[in-house]
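Have a look at the structure below before the remarks.
Lettering follows sequence order; numbering is per chain, from 1. Treat the numbers as computed from the prediction; the structure is a model and nothing was measured.
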Amino acid sequence: MVMPRASASIRNPEVQLPILRKDKGNYYLEMQVNADSDDERELAVTRRVSLDKLSQAEWNELETQYNNLDLSICNDVGINKALENIKDCRIRRLFLALLTFLNPRQVSIILYLYREAAIQDNGSFVSFRSNDLLDSLGYKRTKDGGFAARVRSQLNQDLVALHRTELVFARSLQKGEQIGAKVSVKSILRIRDYEIDKVPRNFDLSKAADYTYELADAYSVALEFFEDASKQNRNVLFSKDIDFKEKLGGNAKRDYKTKLLIYIASRMKWDRLKEGQYLLISKNCLLKNVDLLGSNKSRNNKILWRTIEQLNEDDYIIEAQELTAKSKQTKIQFQINPQKIKCLDI
DNA sequence: AGTAAACAAGGGCCGACAGT
DNA sequence: ACTGTCGGCCCTTGTTTACT
């Protein structure tokens, strides 16, 4: 339920640009995703990286770099271009990780880990080998049987981003007569340990993520949003044959299909969708959550339907149709295939 | 005026390769 | 195993043009 919000891109009007914040001696680099006033489902989420290990000098340096940044041009010239003036590799990677948080590759990694959790049956704890994950993501091996350093590096950066980016969000809580709020601070996952094969290199997790192209060979992680299906939880289950391969030669920057799938799953949970019921979502809501925010409306619409069609071909959606009520906003009605995704109703 | 297609430019990612 | 560079490929996107 948190993922669609936490992964909102910089084009989304509810997303604020990253800021540096000092809070009682703690330093944060953070990005706020505001709530949508029209829809109580859409909670506000702050994603942030704690920078508590920074010295005063490093903080000053970061502030200087930040003040020289013009992040508002990200949408015009691309995020990489907007950041290329930052000479310090670490600061550049920090901003990049925050700006592109939960990019398609990272979402694929999460889906892989949750599937592994189901297979390994060890609660929220998952162990995996880096190369297995890279295989599952569909990357090609090099001639000598390994993976390109670039790809390896990317994986460690993604894992560390999922590990050290905290998500802060509030949920209302019934406290007797009053309605209070419960604020959660969670990461998508926490890296508990990692292994290096053969000669123990001098490998440091965050240093590698910030400065080098290194990757550990095996990791153990705890999934912080994991909820045990055997306990009284309302889970949305995906079938195990879910495909999260990077598309060949495709643009890994955008992946409308996975975004739509994740959003539909989150709505199934919010709406407590029972088997046989229709899922009803307004079209504007879909367009926003799939990140179709371009200026050409008809094109956005076309891409949305193309994407729905793809999920239909993959059997996630049995049928979808547009409902246009007079003087009301257009909605799309989905019939979901319970063989592929279903909401456990406990 | 509103919508849909055609055009053109540019971004980001993978893979290959050479070098350390 | 890591670093750095380059080309190719596909996709997105603002803009322009055509259509109803």
Side-chain angles (χ1 to χ4, degrees), chain A residues 9-13 71-85 87 89-90 92-93 95-97 99-109 129-131 133-158 160-161 194-219 244-260 283-284 287-288 290-307 309-310 322 324 330:
Chain A
S9 87
I10 195 159
R11 284 200 306 178
N12 190 312
L71 290 168
S72 63
I73 59 171
C74 281
N75 283 327
D76 304 329
V77 298
I79 290 175
N80 282 307
K81 261 239 165 69
L83 294 178
E84 76 184 356
N85 289 330
K87 280 164 241 115
C89 178
R90 178 178 188 218
R92 196 170 57 238
R93 285 189 181 179
F95 273 103
L96 187 66
L99 285 164
T100 66
F101 187 63
L102 286 177
N103 61 43
R105 204 178 42 247
Q106 289 170 1
V107 172
S108 293
I109 291 170
R129 295 198 58 79
S130 305
N131 283 357
L133 177 46
L134 291 171
D135 269 329
S136 291
L137 292 176
Y139 289 102
K140 260 203 180 128
R141 287 178 181 259
T142 56
K143 272 182 257 169
D144 41 3
F147 285 97
R150 178 86 206 187
V151 171
R152 292 173 60 78
S153 152
Q154 221 163 42
L155 179 54
N156 186 55
Q157 284 176 54
D158 285 334
V160 171
Y194 48 91
E195 294 168 25
I196 310 292
D197 293 349
K198 296 175 189 167
V199 193
R201 280 173 282 147
N202 197 10
F203 179 82
D204 179 273
L205 200 68
S206 38
K207 195 180 155 208
D210 289 338
Y211 294 109
T212 76
Y213 279 39
E214 291 170 289
L215 171 74
D217 297 301
Y219 293 81
F244 37 71
K245 277 190 164 47
E246 299 281 306
K247 265 165 281 159
L248 236 113
N251 188 345
K253 188 181 157 197
R254 306 211 175 282
D255 180 355
Y256 298 122
K257 194 165 88 171
T258 311
K259 258 195 178 301
L260 180 60
K283 192 149 98 179
N284 286 336
L287 289 166
K288 189 179 73 180
V290 181
D291 205 36
L292 279 166
L293 300 160
S295 59
N296 191 331
K297 265 171 71 181
S298 72
R299 184 199 282 148
N300 294 338
N301 193 53
K302 197 173 149 194
I303 296 175
L304 176 63
W305 274 102
R306 185 187 73 194
T307 310
E309 198 50 47
Q310 286 169 355
E322 204 161 306
T324 32
T330 315

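- Per the geometry, CG belonging to A/Asp255 stands 13 Å off P belonging to B/dC13, to the nearest Å.
- Mapping A/Gln154 and A/Lys81 onto DNA chain B by nearest heavy atom places A/Lys81 at the nucleotide closer to the 5' end.
- A donor-acceptor pair under 3.5 Å is absent between the side-chain atoms of A/Asp158 and the main chain of A/Gln106, judged by distance alone.
- When the C1' atom of C/dA1 is taken as reference, atom OH of A/Tyr211 falls 21 Å away, rounded to whole Å.
- Within the nucleic acid shown, A/Ala149 comes within 4.0 Å of at least one base atom, counting heavy atoms only.
- If you check B/dC14, C/dT13, B/dA5 against the side chain of A/Asn296, the one that comes closest is B/dA5.
- Phosphate proximity of B/dA4 to A/Ser298: present, with a side-chain N or O under 4.0 Å from OP1 or OP2.
- A distance-only check finds a donor-acceptor pair linking the side chain of A/Arg93 to the backbone of A/Ala209 [under 3.5 Å].
- Phosphate contact (OP1/OP2 of C/dT5, side-chain N/O of A/Arg150, threshold under 4.0 Å): absent.
- Put simply, the residue from A/Tyr194, A/Tyr213, A/Tyr219 that forms a side chain to side chain donor-acceptor pair (under 3.5 Å) with A/Asn156 is A/Tyr219.
- Nearest to the side-chain atoms of A/Tyr256 among the listed nucleotides B/dG15, C/dT12, B/dA5 stands C/dT12.
- The residue among A/Lys143 and A/Asp76 whose nearest nucleotide of DNA chain B is located toward the 5' end is A/Asp76.
- Across all strands, A/Thr212 comes closer than 4.0 Å only to sugar-phosphate atoms, never to a base (heavy-atom distances).
- Within the structure, a side-chain polar atom (N or O) of A/Arg306 is placed less than 4.0 Å from OP1 or OP2 of C/dT12.
- Of all nucleotides listed (C/dC2, B/dG12, C/dT12), B/dG12 comes nearest to the side chain of A/Ile79.
- A/Leu96 has its side chain within reach of A/Asn80: a pair of non-hydrogen atoms, C-beta onward, lies under 4.5 Å apart.
- Residue contacts for A/Arg141: at a heavy-atom cut-off of 4.0 Å it reaches no nucleic acid atom on any strand shown.
- Atom pair A/Ile303:CD1 and C/dG14:P shows a separation of 11 Å (rounding to whole Å applied).
- Residue A/Leu137 contributes atom CG, which lies 10 Å from atom P of B/dC14 at whole-angstrom precision.
- Nearest-nucleotide assignment on DNA chain C puts the 5′-proximal partner with A/Ser153, out of A/Ser153 and A/Arg11.
- Side-chain atoms of A/Tyr213 lie closest to C/dC2 of the nucleotides C/dC2, C/dT13, B/dT3.
- Here B/dG10 presents its P atom at 17 Å from CG of A/Asn75, a figure rounded to the nearest Å.
- Look at NZ on A/Lys302: it is 13 Å from P on C/dC11, rounded to the nearest Å.
- The distance between atom CZ of A/Arg299 and atom P of C/dG14, rounded to the nearest whole Å, is 7 Å.
- Neither OP1 nor OP2 of B/dG15 sits under 4.0 Å from any side-chain N or O of A/Tyr139.
- Residues A/Asp135 and A/Arg141 are paired through a salt bridge, judged by an N-O separation under 4.0 Å between the basic side chain and the carboxylate.
- With hydrogens and angles disregarded, a donor-acceptor distance shorter than 3.5 Å links the side chain of A/Asp217 to the backbone of A/Asp197.
- Side chain of A/Ser295, nearest nucleotide from C/dC2, C/dG14, B/dT3: C/dG14.
- Contact between the side-chain N/O atoms of A/Lys140 and the OP1/OP2 oxygens of B/dC14 is not found at any separation under 4.0 Å.
- Looking at heavy-atom distances under 4.0 Å, A/Val151 makes no contact with the nucleic acid at all.
- Rounded to an integer number of Å, the gap from A/Arg152 CZ to C/dT3 P is 11 Å.
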